[in-house]
J.: 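Dropping the structure in here first, questions after.
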Amino acid sequence: MFILLVSISLIGMGMSKVPIQEILKIIVALLMVPLALYLAIKYSTLSSIWVLNENTLQISNAKKTILFPLHNISHIRNLKRSGGNLIIINQNKGPAFRTWRNKLFQKEDDLPLLTEALKEANIEYYDM
């Protein structure tokens with residue numbers, strides 16, 4: 001969001017310095033907003049790798065790796081939103097872990113395979 005707001009502010013400041021009619025400035029600025037949205041999403045994307053073993057669920061990205069023992073996971077909820085999915089891992093002990101799955105400008109991933117593997121591991125999975 002920060003990248004998007006900064007880029008829209010820069011577009012506005014840049015268009016205020018251009019010596020053309022105001023209506024053309026507004027049209028050009030509005031046409032640049034989708035480009036700013038696309039670039040903000042592409043730049044801020046942090047991909048992750050989920051590995052389900054016999055005893056653990058491992059989530060890794062460029063910043064950190066988190067291990068969840070399967071016996072400590074009470075259930076997983078997948079809340080569908082307009083731009084992606086909010087995946088919540090509820091634990092028997094400890095706080096819930098939330099992660100966002102972005103679907104904007106992304107290629108297809110292996111979420112259906114992961115959900116099947118979680119169900120086979122007898123982990124309650126709610127797709128809402």
J.: Using every non-hydrogen atom in the two residues, find where Phe68 and Ile59 come nearest and quote the distance to one decimal.
T.: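 The pair with the smallest heavy-atom distance is CE1-CD1, 3.7 Å.
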J.: Working to the nearest 0.5 Å, report the span between OG of Ser16 and CD of Glu22.
T.: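 One finds 9.0 Å between OG of Ser16 and CD of Glu22.
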J.: Less than 3.5 Å apart, which donor and acceptor atoms pair up between the side chains of residues 2-10 and the rest of the protein, not counting sequence neighbours?
T.:
residue	atom	partner	partner atom	Å
Ser7	OG	Ile3	O	3.1
Ser7	OG	Leu4	O	2.9
Ser9	OG	Leu5	O	2.9

J.: Would you say that more than 12 heavy atoms from the other residues, nucleotides or ligands in this model lie under 6.0 Å from the CD1 of Ile49, or not?
T.: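 Incorrect, the count does not exceed 12.
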J.: Given 3.5 Å as the limit, does a donor-acceptor pair link the side chain of Ser74 with the main chain of Asn90, or not?
T.: yes
J.: Might you point out which heavy atoms bring Lys80 and Asn85 nearest each other, and give the distance in Å?
T.: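 Taking Lys80 first and Asn85 second, the nearest heavy atoms are CG-ND2, 3.8 Å.
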J.: Measuring from Ile89:CD1 to Ile73:CD1, what's the distance to the nearest 0.5 Å?
T.: 5.5 Å
J.: For the residue pair Glu54 and Leu70, what are the closest heavy atoms and their distance?
T.: O-CD1, 3.2 Å
J.: Would a hydrophobic clustering, with Ile, Leu, Val, Met, Phe, Trp and Tyr connected at side-chain separations under 4.5 Å, put Ile26 with Val33?
T.: no
J.: From Arg101 CZ over to Leu79 CG, what is the distance, rounded to the nearest 0.5 angstrom?
T.: 13.0 Å
J.: The criterion is side-chain hydrogen bond (donor to acceptor under 3.5 Å, both in side chains); which residues satisfy it with Asp127, sequence neighbours excluded?
T.: Asn78
J.: Not counting sequence neighbours, list each pair that qualifies as a ring-ring contact (aromatic ring centres under 6.0 Å, His included) and has a residue in residues 107-128.
T.: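 As it turns out, the ring-ring contact (aromatic ring centres under 6.0 Å, His included) pairs with a partner in residues 107-128, which skip direct neighbours, are His75-Tyr126.
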J.: State the CD1-CD distance between Ile23 and Gln21, to the nearest 0.5 angstrom.
T.: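 Here the interatomic distance stands at 9.0 Å.
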J.: Going by heavy atoms in the side chains, are Leu52 and Leu118 under 4.5 Å from each other?
T.: yes
J.: Transitively linked via ILVMFWY side-chain contacts under 4.5 Å: Ile20 with Leu30?
T.: no
J.: Over all heavy atoms of both residues, which pair between Lys93 and Asn72 is shortest? Give the atoms and the distance, please.
T.: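 Closest approach of Lys93 to Asn72, heavy atoms only: N-OD1, 3.0 Å.
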J.: I would like to know whether Arg98 and Ile87 meet side-chain contact (heavy atoms from CB on, under 4.5 Å); could you show each step before the answer?
T.: CA-CA 6 Å; Arg98 291 174 169 83; Ile87 299 173; over 6 Å; no
J.: Quick one: pull up CG in Leu57 and CG in Leu114 and give me the separation to the nearest 0.5 Å.
T.: 7.0 Å
J.: Give a yes or no answer on whether the side chain of Thr115 reaches the backbone of Pro112 with a donor-acceptor pair at less than 3.5 Å.
T.: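 Here the side-chain-to-backbone pair exists.
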J.: State, yes or no, whether a side-chain contact exists between Asn61 and Trp50 at a heavy-atom distance under 4.5 Å.
T.: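 Result no, sub-4.5 Å side-chain heavy-atom pair not found.
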J.: With heavy-atom distances below 4.5 Å as the criterion, would you say the side chains of Leu86 and Ile88 are in contact?
T.: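 Yes; the side chains approach each other to less than 4.5 Å.
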J.: Apply the test side-chain contact (heavy atoms from CB on, under 4.5 Å) to residues Glu124 and Ile76: give CA-CA distance (whole Å), side-chain angles for both, the deciding distance (0.1 Å), then the verdict.
T.: CA-CA 6 Å; Glu124 291 183 44; Ile76 297 176; over 6 Å; no
